[in-house]
Protein chains: 2
Amino acid sequence: MINIQQLSLEVSIGVDTLRIWERRYGFPNPERDSRGHRCYPDEQVEELRVIKKLQLLGLQPNKIFALSALERKDLLQQEQADEGSDNVFVQQLAAELNPTEIDHALRRLLQQLGLEEFIHQAAVPLIHVLDHGWANNSISIAREHLVSDRLESLLKEQLKIGELETALHRLLFLTLSGERHKLGLLLSALLFQQQGLGSIFLNEELPLSEVPPLAEALGVSAVAVSFSAHYPTRQAKKDLASLRNSMTPEIKLIAGGYAVRKEFIMPNLFICSELEKIPSLCKKLFHDN
Amino acid sequence: MINIQQLSLEVSIGVDTLRIWERRYGFPNPERDSRGHRCYPDEQVEELRVIKKLQLLGLQPNKIFALSALERKDLLQQEQADEGSDNVFVQQLAAELNPTEIDHALRRLLQQLGLEEFIHQAAVPLIHVLDHGWANNSISIAREHLVSDRLESLLKEQLKIGELETALHRLLFLTLSGERHKLGLLLSALLFQQQGLGSIFLNEELPLSEVPPLAEALGVSAVAVSFSAHYPTRQAKKDLASLRNSMTPEIKLIAGGYAVRKEFIMPNLFICSELEKIPSLCKKLFHDN
DNA sequence: TAATCATAATTGTCCTAGACAAAATAGTAT
DNA sequence: ATACTATTTTGTCTAGGACAATTATGATTA
């Protein structure tokens, strides 16, 4: 029995949205405490997780609420079926809970494959399996966090801070306040680094207004920002416009992630949603052969 | 000119709180756009930062709003004066912006002092200076993030994941959704590790309901949670009660941080707000000499 | 058939203004 | 000084309304 604020944090749905869904669709349908405040039972929390996942798959609330709870669950299962991962090793990793073993396995793999191949053949599939397992409820949130935490640590170790000074161009990678998903951005940072650029990866989320002064103080050639599916597209659009507006045009702006659309066209804003396109983007931006 | 949502993220004050301050104290005093939505000019954002800092120092909004903008600034300066750090090296670190040099300096220091001394003599003072510089506006938010980011990376490398299996007791360190401050908890994790315990430090914030299953799956002897000054005390209290209630009593619960009060008395809940007390708490919890 | 555009429906965030429990402060008695 | 009580103060909740931006739908044209 949790209140609306806690629920909002649990399922990553805004408080206002939760209330208006109740008004419009009759769900969630919380009980009330003595003061008339909403109290959500566990089952509704779980149902909202399902709904959120369907929404992230691209369905409108409209359609989602037209379905029964059972139909929703089936739909989620269905989505899972077609995307079965072929990589057994990755499957094992996602299923193994022991942190020590996860760490060892990842390190072994990294040594075998080298960083670039590790990213494409291990990290990306692993992240997919985790996302997918999460959507499908076959992996607990906790386990997902545990594995991605180990992966993140390992990847962060691969950032070469010592070589920043010698690099021709430095890039600043960061997320804005409210964006918690950093793994994709971290992969980008490493791939840019592989292209010979200096990657400064900021782990902490920054308020919008702090970005321009930091970028200028660090003397970077570009700032890369990532917006996950959880970040409202509207907000991402506004944020990028605001950023582009408050930075000198010499500093390029690179945006990526699910919430970023190709239509966000602006001068000196580069959309990069696929890791594969990083080398070509690199050439385009800093033609330093 | 930003909207209320963005402002909330910028200054870490809830949307509801911003509106009720306006109603009660006449500040902030935003303009309105064509739809009647609040638009906050930059100066008010800055003023709110000052107010937030005073609030974190322990002042009630009541008193804060009774002052003029100038008086507020003076008060903040005053608070700064008495806590001048004696450690010149730490001051330099906080002032130096180059990530490479920060990293090198920290590593050198760690090698000189050893982990335990590094924590007490370098990490803790550095965090104080950062906090303090932030409150005093002498360090930009961005710089503060940059330095604490480097410190965090270095400290995370010191966690010995490989020795988890051999340790007699394992501890799980984590923060709940919404709590972004992890440095203090990380220091604790390292000090517990120095006491011979296995520290599992989870970087990602977890929803409340995910903690008990994870703790049991990992077979830990205790869960340590941290709540910073930004986390509402009320919520921390509720969260701890809920956690304690949903975990087997064999798993101890350790809580620390500014938002945690000694009055939060519950069976098998241990409050630990000072790093110095970790060795004795360790003995108390796991009398394994 | 596919692409383009205008229209309609949907969605999430904002609005006002009132209520109240929990926390903090002040006041009083032990 | 300490404990206990009364009084502020504070932040989060409530309801129900509004509307711009996004997405879907249908009509029209190439």
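Here is the naming used below: chain letters follow the sequence lines, and residue numbers restart at 1 for every chain.
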K.L.:
Side-chain donor-acceptor pair under 3.5 Å between E71(A) and S68(A), yes or no?
P.N.:
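Looking only at side-chain atoms, S68(A) and E71(A) do form a donor-acceptor pair, the distance falling under 3.5 Å.
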K.L.:
Answer with yes or no whether the side chains of D239(B) and Y231(B) bring together a donor and an acceptor at under 3.5 Å.
P.N.:
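Yes, a side-chain donor-acceptor pair sits under 3.5 Å.
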K.L.:
Between the opening five pairs and the closing five pairs of the helix from dT1(C)-dA30(D) to dT30(C)-dA1(D), how far apart are the helix axes, to 10°?
P.N.:
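Comparing the axis at each end, I get an angle of 30°.
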K.L.:
Would you say S209(A) and E10(B) make side-chain contact, with heavy atoms under 4.5 Å?
P.N.:
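Answer yes - side chains close enough.
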K.L.:
Please work out which residues in residues 35-55 of chain B have a non-hydrogen atom less than 4.0 Å from an atom of DNA chain C and list them by number.
P.N.:
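The answer is G36(B), H37(B), R38(B).
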K.L.:
Could you tell me if the side chain of N203(A) sits less than 4.5 Å from the side chain of N203(B), heavy atoms only?
P.N.:
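Sidechains of N203(A) and N203(B): in contact.
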K.L.:
Separation of R32(B) atom CZ from dC19(D) atom C1', in whole Å?
P.N.:
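From R32(B) CZ to dC19(D) C1': 15 Å.
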K.L.:
Nearest whole Å is fine: how far is dG12(C) P from I4(A) CD1?
P.N.:
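Between P of dG12(C) and CD1 of I4(A): 14 Å.
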K.L.:
Between the side chains of R38(B) and E31(B), is the shortest nitrogen-to-carboxylate-oxygen separation below 4.0 Å, so that they form an ion pair?
P.N.:
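So E31(B) does not pair with R38(B) through a salt bridge.
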K.L.:
With a 3.5 Å distance limit and no angle check, can you tell me whether R72(A) reaches the backbone of I64(A) through a side-chain donor-acceptor pair?
P.N.:
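Yes: the side chain of R72(A) pairs with the backbone of I64(A).
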K.L.:
Which residues, if any, of residues 225-237 of chain B bring a heavy atom under 4.0 Å of DNA chain C?
P.N.:
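Nucleic-acid contacts, sorted: R234(B), K237(B).
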K.L.:
Is the number of heavy atoms from other residues, nucleotides or ligands within 6.0 Å of NZ (K237(B)) greater than 12?
P.N.:
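Atom NZ in K237(B) is not packed in, count stays at 12 or less.
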K.L.:
Give the rounded distance in Å between these two atoms: CG of D33(B) and C1' of dA20(D).
P.N.:
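The answer, rounded to whole Å, is 10 Å.
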K.L.:
With a 4.5 Å limit on heavy-atom distance, are the side chains of L269(B) and I271(B) in contact?
P.N.:
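Yes, their side chains come closer than 4.5 Å.
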K.L.:
Between E205(A) (side chain) and T175(A) (backbone), is there a donor-acceptor pair under 3.5 Å?
P.N.:
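Checking the backbone N and O of T175(A) against the side chain of E205(A), no donor-acceptor pair under 3.5 Å is found.
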K.L.:
Salt bridge (charged side-chain N to carboxylate O under 4.0 Å, His left out): which pairs involve residues 267-277 of chain B, sequence neighbours left out?
P.N.:
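Output for this query lists E274(B)-K277(B).
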K.L.:
Nearest whole angstrom, please: distance from the P of dC15(C) to the CG of N3(B).
P.N.:
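Atom-to-atom, N3(B) to dC15(C), this comes out as 8 Å.
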K.L.:
Can you confirm whether the side chains of N62(A) and Y25(A) place a donor and an acceptor under 3.5 Å from each other?
P.N.:
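The criterion, which ignores hydrogens and geometry beyond distance, is not satisfied for Y25(A) and N62(A).
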K.L.:
Roughly, in whole Å, what's the span from CD in Q5(A) to P in dG11(D)?
P.N.:
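Taking atom P of dG11(D) as the reference, CD of Q5(A) is at 14 Å.
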K.L.:
Are the charged groups of E22(B) and R32(B) less than 4.0 angstrom apart, N to O?
P.N.:
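Salt bridge between E22(B) and R32(B), a charged N being under 4.0 Å from a carboxylate O: yes.
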K.L.:
With the threshold set at under 4.0 Å for non-hydrogen atoms, list the residues of residues 15-24 of chain A touching DNA chain C in residue-number order.
P.N.:
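Hits under 4.0 Å, by residue number: D16(A), T17(A), I20(A), W21(A), R24(A).
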K.L.:
Would you say the side chain of S148(A) lies within less than 4.5 Å of the side chain of E144(A), judging by non-hydrogen atoms?
P.N.:
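Result yes, sub-4.5 Å side-chain heavy-atom pair found.
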K.L.:
Compute whether any side-chain donor of one residue and acceptor of the other, for S228(B) and E179(B), lie under 3.5 angstrom apart.
P.N.:
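The criterion, which ignores hydrogens and geometry beyond distance, is satisfied for E179(B) and S228(B).
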K.L.:
Contact list please: residues 60-73 of chain B against DNA chain C, heavy atoms, distance less than 4.0 Å, in numerical order.
P.N.:
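Result for residues 60-73 of chain B: Q60(B), sorted by number.
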K.L.:
Apply side-chain contact (heavy atoms from CB on, under 4.5 Å) to residues V124(B) and L275(B) and explain how you reach the verdict.
P.N.:
CA-CA 10 Å; V124(B) 171; L275(B) 294 178; 3.7 Å; yes
